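Computation of the quantities below employed the complete heavy-atom set of this structure, encompassing side-chain atoms and omitting hydrogens, waters and symmetry-equivalent molecules. Residue numbers begin at 1 in each chain, while the letters A, B, ... track the order of the sequences. All values reported here derive from a predicted model rather than from experimental measurement.
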Amino acid sequence: MLDKNGIARRIAQEVQNGQYVNLGIGIPTLVANHIPEGLDVEFQSENGILGMGPFPIEGTEDADLINAGKQTITALPGAVFFDSATSFAMIRGQHVQLTVLGAMEVSANGDIANWKIPGKMVKGMGGAMDLVASAENIVVAMMHTNRAGESKLLSTCSLPLTGVGCVKRVVTNLAVMDIKDGAFHLVERAPGVTVEEIVNATDGALILPDLVPEMSL
Amino acid sequence: MLDKNGIARRIAQEVQNGQYVNLGIGIPTLVANHIPEGLDVEFQSENGILGMGPFPIEGTEDADLINAGKQTITALPGAVFFDSATSFAMIRGQHVQLTVLGAMEVSANGDIANWKIPGKMVKGMGGAMDLVASAENIVVAMMHTNRAGESKLLSTCSLPLTGVGCVKRVVTNLAVMDIKDGAFHLVERAPGVTVEEIVNATDGALILPDLVPEMSL
Amino acid sequence: MAISKEINGVEEACKDVKDGMTFMLGGFGLCGIPENCIEELVRLGVKDVTCISNNAGVDNFGLGKLLKKSQIRKMISSYVGENEEFERQMLSGELEVDLIPQGSLAERCRAGGAGIPAFYTPAGYGTEVAEGKEVREFNGKPHVLESALTADFAFVKAWKGDASGNLIYKATSRNFNPMMAMAGKITVAEVEELVPLGSLDPNEIHTPGIFVQRIFQGKAYEKRIEQRTVSQNK
Amino acid sequence: MAISKEINGVEEACKDVKDGMTFMLGGFGLCGIPENCIEELVRLGVKDVTCISNNAGVDNFGLGKLLKKSQIRKMISSYVGENEEFERQMLSGELEVDLIPQGSLAERCRAGGAGIPAFYTPAGYGTEVAEGKEVREFNGKPHVLESALTADFAFVKAWKGDASGNLIYKATSRNFNPMMAMAGKITVAEVEELVPLGSLDPNEIHTPGIFVQRIFQGKAYEKRIEQRTVSQNK
């Protein structure tokens, strides 16, 4: 079973040379720490930076330089700042090639819910609705089940949607799943996790291949 | 009767303190030469400058610094350069308060034609269609009649339109006319020009006031 | 020759704000917010206002201050997750809230400033955000019709500015400020540094002065950091 | 870490252009046009192309060179008044021409790059430009629905650029270049000066490198002036 950093490490394998990548808040942010040396990748943060670098050395934080999670960051050589309209022009115009974001629920037809629990919690969608409606390549990073132990991979989302039919791949603490033809397709299992555990933790339709390789991390 | 510079001088009286002004090619360009000292006015050129100054001193021309008429220009202190989308955001968003442009025909209901003579001449509309569709305050600068001696102030335009019902005021070599309620309203006559001459040179419905003052230039 | 927008300070900048008006406020989180203008709006006690702002500040800073004094009737935002008082007012029904996708918010402000009354975007299709809105397919993909936003006042914060209202923002404090500057009937710019006319390079200006009606040099910027994150010194 | 777009030169930049493609070309008149790329398109003899460009060059320079060799099947422009060969080809029917308002052209390119399939504008309402297009009233004023433009290749010209594809334009040579850079499936940027990565101030960049796929330092810029106008030395 993977921890959050493990999920991030597995997702880092999805990143290809030459890609512009948008990482959401939470587990997705950790993906940046696991990009292999020598891979040319630039991180976009939708509040207005391309070429985002690591957190600043203590004492050099700049209140004017943050990411979409409101964390202080740095800018790498070749970085560029821009306004929010230009930022979403990049996203909506599909210039950002890979989007990684968290979710509360994902359905077997690729719907995603991650912004609202009616009557309980409403933080807002931020840029997530633009990201999922636009990106060609969306990877969801999340735990396979919620705190109550219920599956977050469902046949239909119960929470208000963020986007419809958009998620292509889900990486959880238990498995890598592809979504196509209205079903989850098990691709890999996390180290030490059995297919049975994954089946038990998945509510939506699940297609099992003959052989399910363990992730190599 | 006014010459082109006279028309420009009269139009300069329309310009108010604190206005952003777009001047078209031809007579309108000359208006800049007649703005009274002490009036704070900035000229916008739709190819991407605000704060346009006079032509450069010989030897200092810069091929990268032109106006919409492709003439070499200068930039005044406080000037700013921008792209064409931003330029037309200023125009379409009604941030430019006064537009002066030339015309081949103007009708008594405020239609204007200035971009095409079917089968004979097609230069294109450039920014004129955006300007006339957007500006609150449009002044047309033109000769009262064409080279064949025919009136350019008509009941209906015969040429393809640039915009409908948009022209508020016309300044010609003979007169200042306002357009409202489907008619030209004579406001002033050019020095030495009689009301009869203006009536004879105007094809569209023309309303005459009891007294027609001569322009003071 | 240049048109001057320079005024004496924040009191003159906000002198004619009125109850019930719609305001736009630049900033992302607490980054790039018009601190001086917000303080003045709190001091003036203007109420029943609609605020268009990506976020709603935190409990004791930024728009949170207006919220605490119940001056805001309606918020139009994309993300409000940092503010408990906000959540309380919203869930209790005291505060009307319109949550819209961040990219649509940015583009709707730009559209308002650019004279584009409406445009189509894929964002929000199939979600409650699209309810009651026209949906049309382009290139085989459904899109939602979104309308322009404008405001009685837009309050923006820049790094440098001149008397003409030309503005330059620093780093990611730019965010929503340029589009909101375009969309205000009256746009008030507060800047950290008001520089002499002609000292800004005309190639480097982010907001052309034509979009700004009032400008002044702000005071005592706190520039609070919401998530101070650091790397270990190597 | 930064993604490099640097290539060897104009030949590599244009190596995969094909007959029948759609090109966008930046520039206003002869100001800010991609001179090197135009020369290469002439040399390659690519034909039946559609060119989206505000103007069509002059008889012996800029796009006029492609026109003269009859390489262009269709022009999408706003103003073509400086070119006799253009007028001849258009009136004889050899050249298909789509003239559209300059602001709509700029916004349609931006929309193409920004994933906005269509938007409403007042420009052209009641004229032949609006024929066959949807008209809708907003705020009591009729608007025309205009669609996004994209291109197989966008050729843009900047003043300075870096290997990441970040671009800075000089003065009014910016014009259509930034929007076309956004709207090209492959965007080729030729620059007067290719500077080392990290030497451009990230606050001052006009076109973020994400919009650019290929960049090279151009050669032998003529930068012709169409209307050399001067003031008398005082």
Heavy-atom cut-off 4.5 Å, strictly under: side chain, backbone, both or neither for [X] against chain D?
X	value
Asn67(B)	backbone
Lys116(B)	side chain
Thr162(B)	backbone
Ala89(B)	neither
Phe88(B)	side chain
Ile91(B)	neither

Could you give the distance from [atom1] ([X]) to [atom2] ([Y]), rounded to the nearest 0.5 Å?
X	Y	atom1	atom2	value
Asn175(D)	Asp83(B)	CG	CG	9.0 Å
Glu61(B)	Ser231(D)	CD	OG	10.0 Å
Arg174(D)	Ser87(B)	CZ	OG	11.0 Å
Gln102(D)	Leu131(B)	CD	CG	8.5 Å
Leu65(B)	Lys170(D)	CG	NZ	8.0 Å
Tyr79(D)	Asn47(B)	OH	CG	13.0 Å

Neighbour count above 12 (heavy atom, 6.0 Å) for [X] [atom1]:
X	atom1	value
Lys223(D)	NZ	yes
Lys219(D)	NZ	no
Asn17(B)	CG	yes
Met121(B)	CE	yes
Phe184(B)	CZ	yes

Between the main-chain N or O of [Y] and the side-chain N or O of [X], is there a donor-acceptor pair closer than 3.5 Å?
X	Y	result
Thr127(D)	Gly163(B)	no
Asp130(B)	Gly103(D)	yes
Thr72(B)	Arg228(D)	no
Thr172(D)	Ile66(B)	yes

Under 4.5 Å from any heavy atom of chain B, what part of [X] do you find: side chain, backbone, both or neither?
X	answer
Asn83(D)	neither
Val97(D)	neither
Leu105(D)	neither
Glu192(D)	side chain

If you count heavy-atom pairs under 4.5 Å with chain D, which of [options] comes out on top?
options	answer
Ala133(B), Gly124(B), Gly69(B), Ser84(B)	Ser84(B)
Asp111(B), Ile49(B), Val122(B), Val132(B)	Val122(B)
Gly48(B), Gly165(B), Ala85(B), Gly126(B)	Gly126(B)
Ala63(B), Ala75(B), Ser134(B)	Ala63(B)

Going by the side chain to side chain contact (heavy atoms under 4.5 Å, CB included) test, name the single residue among Ser104(D), Pro101(D), Ser78(D) that passes it with Met129(B). Pro101(D)
Does any part of the side chain of Lys70(B), heavy atoms only, come nearer than 4.5 Å to the side chain of Asn55(D), both counted from C-beta? yes
Ordered numerically, the heavy-atom neighbours of chain B under 4.5 Å found in residues 106-123 of chain D are Ala106(D), Glu107(D), Arg110(D), Thr121(D), Pro122(D), Ala123(D)
Options Asn54(D), Leu30(D), Asn177(D), Leu99(D), ranked by heavy-atom pairs under 4.5 Å with chain B, top entry: Leu99(D)
Let's go through Gln227(D) and Phe55(B) carefully: what are the C-alpha distance in whole Å and the side-chain angles of both, what is the deciding distance for side chain to side chain contact (heavy atoms under 4.5 Å, CB included) to 0.1 Å, and is it a yes or a no? CA-CA 11 Å; Gln227(D) 305 286 339; Phe55(B) 297 139; over 6 Å; no
